[in-house]
J.: 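Please see the structure below; I have some questions.
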Amino acid sequence: MTMQRDYNLELADLAGSKYAYNFDFDVMHPLMLRSFLPLFRPGNCLELGSFKGDFTRRLLPYFDDLTCVEASDQAIETARRLFGDKVKFVNSRFETAKLPTSYDNIVLTHVLEHLDDPIAVLTRINREWLSRDGRLFVVCPNANAPSRQIAVIMGLITHNAAVTPAEVAHGHRTTYSLDTLERDAVAAGLQVLFRSGIFFKALANFQWDMLLKTDIISKEYLEGCYELGQRYPDLCSSIFLLCEKGRG
């Protein structure tokens, strides 16, 4: 990220209706955590890009030592009011953050696509912040999600990996697919242990929000979409890499 970026402005519309979706908070967040739980290491946890703490509160029951780094001072003040001294907060850009220790678990959910130089940040994670046996959990929106492929066919976006004007306004710089996400992780020196997808998704987020207000979508259907996503990770809403510190 560059010094010129205004993180408060980029994230401001999440408080309203332009870019915040119940689908993300109510469906995707629990499923991300479900995917992570069997893979967590004992020890501490670092969340990079905590915003106002929506995912932080899901991590709290599993870690006694939780640190969050967030560039938006407004967002981090909201999170501080929610969690008090249960969480250690660092109000800083990732590129300049000074952290006192290494971490056994590092969580980066829907953040990497916002970075101007994602490889540089992943390199810091690998060299400075991951403990010797620590694990990095990276989740990004998927360029190849069926909902995006349909949007291409409809002429709404030019190609799967396009960054739309709304995404740019929200701070996106990249739209990852599994191959490009792994490319950047490897370029940063990380060892990729596992790759997967989270939730098979053929509808846009705003369409999911409309459906979730009805009785059309059952818990069983949501479970089916999650399970199907394990079979077809390249057709999921989000893609997931599990990485460890590079040995070379």
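Here, residue 1 is the first one in the sequence, and each next residue gets the next number. Values below: every heavy atom of this structure, side chains too, minus hydrogens, waters and symmetry copies.
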J.: Considering only heavy atoms from C-beta outward, does the side chain of Ser238 approach that of His110 to under 4.5 Å?
T.: yes
J.: Using every non-hydrogen atom in the two residues, find where Pro146 and Ala202 come nearest and quote the distance to one decimal.
T.: CB-CA, 3.9 Å
J.: Using modelled atom types and a 3.5 Å cut-off, is there a donor and acceptor pairing between side-chain atoms of Lys245 and backbone atoms of Asn126?
T.: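 The answer is yes, because a donor-acceptor pair under 3.5 Å joins these two groups.
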J.: Give a yes or no answer on whether the side chain of Asn44 reaches the backbone of Ser102 with a donor-acceptor pair at less than 3.5 Å.
T.: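 Flag set: sc Asn44 to bb Ser102 pair under 3.5 Å.
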J.: Describe, in one word, how the ring planes of His29 and Phe25 are oriented to each other, choosing from parallel (under 30°), tilted (30 to 60°) and perpendicular (over 60°).
T.: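 His29 vs Phe25 ring planes: perpendicular.
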J.: In chain order, what residues pass the side-chain hydrogen bond (donor to acceptor under 3.5 Å, both in side chains) check against Ser35, with sequence neighbours excluded?
T.: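 side-chain hydrogen bond (donor to acceptor under 3.5 Å, both in side chains) list for Ser35, sorted by chain: Tyr226.
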J.: Return the minimal non-hydrogen interatomic distance between Asp104 and Ser131, and the atom names on each side.
T.: OD1-OG, 3.0 Å
J.: Please report the interatomic distance OH(Tyr103) to SG(Cys45), rounded to the nearest 0.5 Å.
T.: 10.0 Å
J.: Count I, L, V, M, F, W, Y as connected when their side-chain heavy atoms are under 4.5 Å apart, and connections chain through other members. Are Val168 and Val152 then in the same cluster?
T.: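 Each belongs to a different hydrophobic cluster.
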J.: Check whether any side-chain heavy atom of Thr175 sits under 4.5 Å from a side-chain heavy atom of Glu113, and report yes or no.
T.: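 A side-chain contact is absent here, since even the closest heavy-atom pair is not under 4.5 Å.
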J.: Can you tell me how far NE2 of His172 sits from CG of Leu115, rounded to the nearest 0.5 angstrom?
T.: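 The CG atom of Leu115 sits 10.5 Å away from the NE2 atom of His172.
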J.: Are Leu228 and Met28 connected into the same hydrophobic cluster when the rule is that any two of I, L, V, M, F, W, Y join if their side-chain heavy atoms are below 4.5 Å apart?
T.: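 Hydrophobic grouping puts Met28 apart from Leu228.
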J.: Closer than 3.5 angstrom, by distance alone: can the side chain of Glu70 be matched with the main-chain N or O of Phe51 as a donor-acceptor pair?
T.: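 Yes, the answer is positive, given that a donor and an acceptor are paired below the 3.5 Å cut-off.
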J.: Can you get from Leu66 to Leu37 by hopping between Ile, Leu, Val, Met, Phe, Trp and Tyr side chains that sit under 4.5 Å apart?
T.: yes
J.: Could you grab the distance from atom CE of Met210 to atom CD1 of Ile217, nearest 0.5 Å is fine?
T.: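 Here the interatomic distance stands at 12.0 Å.
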J.: Are Leu122 and Leu136 close enough that some pair of their side-chain heavy atoms sits under 4.5 Å apart?
T.: yes
J.: Heavy-atom distance under 4.5 Å between the side chains of Leu59 and Asn105, does that happen here?
T.: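 A side-chain contact under 4.5 Å is absent here.
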J.: Would you say Asp184 and Tyr176 are linked by a side-chain donor-acceptor pair, where the criterion is simply a distance under 3.5 Å?
T.: yes
J.: Taking the side chain from Arg124 and the backbone from Phe94, do they hold a donor-acceptor pair closer than 3.5 Å?
T.: yes
J.: Nearest 0.5 Å, please: how far is OG in Ser196 from CG in Leu39?
T.: 9.5 Å
J.: Please determine whether a side-chain nitrogen of the Lys or Arg among Arg41 and Glu244 lies less than 4.0 Å from a carboxylate oxygen of the Asp or Glu.
T.: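 Salt bridge present between Arg41 and Glu244.
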J.: So, taking the atom named CZ in Arg195 and the one named CG in Leu242, what distance separates them when rounded to the nearest 0.5 Å?
T.: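 It comes to 10.0 Å.
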J.: Asp26: which residues meet the side chain to side chain contact (heavy atoms under 4.5 Å, CB included) condition with it, sequence neighbours left out?
T.: Asn22
J.: Identify the two heavy atoms, one from Ser147 and one from Ala204, that lie closest to each other, and give their separation to 0.1 Å.
T.: CB-N, 3.9 Å
J.: With a 4.5 Å cut-off on side-chain heavy atoms, are Arg135 and Leu193 touching?
T.: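 Of all side-chain heavy-atom pairs linking Arg135 with Leu193, at least one is under 4.5 Å.
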J.: What residues form a side-chain hydrogen bond (donor to acceptor under 3.5 Å, both in side chains) with Thr101, not counting sequence neighbours?
T.: none
J.: Is it the case that the ring center of Phe63 lies less than 6.0 angstrom away from the ring center of Phe40?
T.: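 Aromatic pair counts; centres sit under 6.0 Å.
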J.: Should Ile125 and Leu99 be regarded as members of a common hydrophobic cluster, given that ILVMFWY residues are connected when their side-chain heavy atoms come within less than 4.5 Å of each other, either directly or indirectly?
T.: yes
J.: Using every non-hydrogen atom in the two residues, find where Ala79 and Gly53 come nearest and quote the distance to one decimal.
T.: CB-N, 4.3 Å
J.: CG/Leu203 to CD1/Ile150 distance, rounded to the nearest 0.5 angstrom?
T.: 7.0 Å
J.: Counting heavy atoms not belonging to Arg183, are there more than 12 under 6.0 Å from its CZ?
T.: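 Yes, enclosed.
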J.: List for me each residue that meets side-chain hydrogen bond (donor to acceptor under 3.5 Å, both in side chains) alongside Asn144, sequence neighbours excluded, and say none if there are none.
T.: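 For Asn144, the residues satisfying side-chain hydrogen bond (donor to acceptor under 3.5 Å, both in side chains) (neighbours in sequence not counted) are Asn160, Asp234.
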J.: For the pair Arg34 and Glu223, find out whether any cationic side-chain nitrogen is under 4.0 Å from an anionic carboxylate oxygen.
T.: yes
J.: Could you give all pairs that pass the ring-ring contact (aromatic ring centres under 6.0 Å, His included) test and reach residues 206-225, with sequence neighbours left out?
T.: Phe23-Trp208, Phe199-Trp208
J.: Is Leu241 close to Leu190 at the side-chain level, that is, under 4.5 Å between some pair of heavy atoms?
T.: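 Contact flag for Leu190/Leu241 side chains = no.
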J.: Under a 4.5 Å cut-off applied to non-hydrogen side-chain atoms, are Glu77 and Asn91 in contact?
T.: no
J.: Any chain of hydrophobic side-chain contacts (each under 4.5 Å) joining Ile119 to Val69?
T.: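 Not linked; separate clusters.
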J.: If a pair satisfies salt bridge (charged side-chain N to carboxylate O under 4.0 Å, His left out) and one of its residues is in residues 148-160, list it, with sequence neighbours excluded.
T.: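 Found Arg148-Glu167.
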J.: Testing the basics here: between Val87 and Leu60, what is the closest heavy-atom pair and its distance to 0.1 Å?
T.: CG2-CD2, 3.9 Å
J.: So, do Thr109 and Phe137 sit near enough that their side-chain heavy atoms are less than 4.5 Å apart?
T.: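 They are not in side-chain contact.
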J.: For a quick test of reading the model, state the closest non-hydrogen atom pair linking Leu178 to Pro233 and the distance between them.
T.: CD1-CB, 4.1 Å
J.: Exactly one of Leu48, Thr67, Leu46, Ile76 should register a side chain to side chain contact (heavy atoms under 4.5 Å, CB included) with Val90. Which one does?
T.: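 It is Thr67, the one option of Leu48, Thr67, Leu46, Ile76 that forms the side chain to side chain contact (heavy atoms under 4.5 Å, CB included) with Val90.
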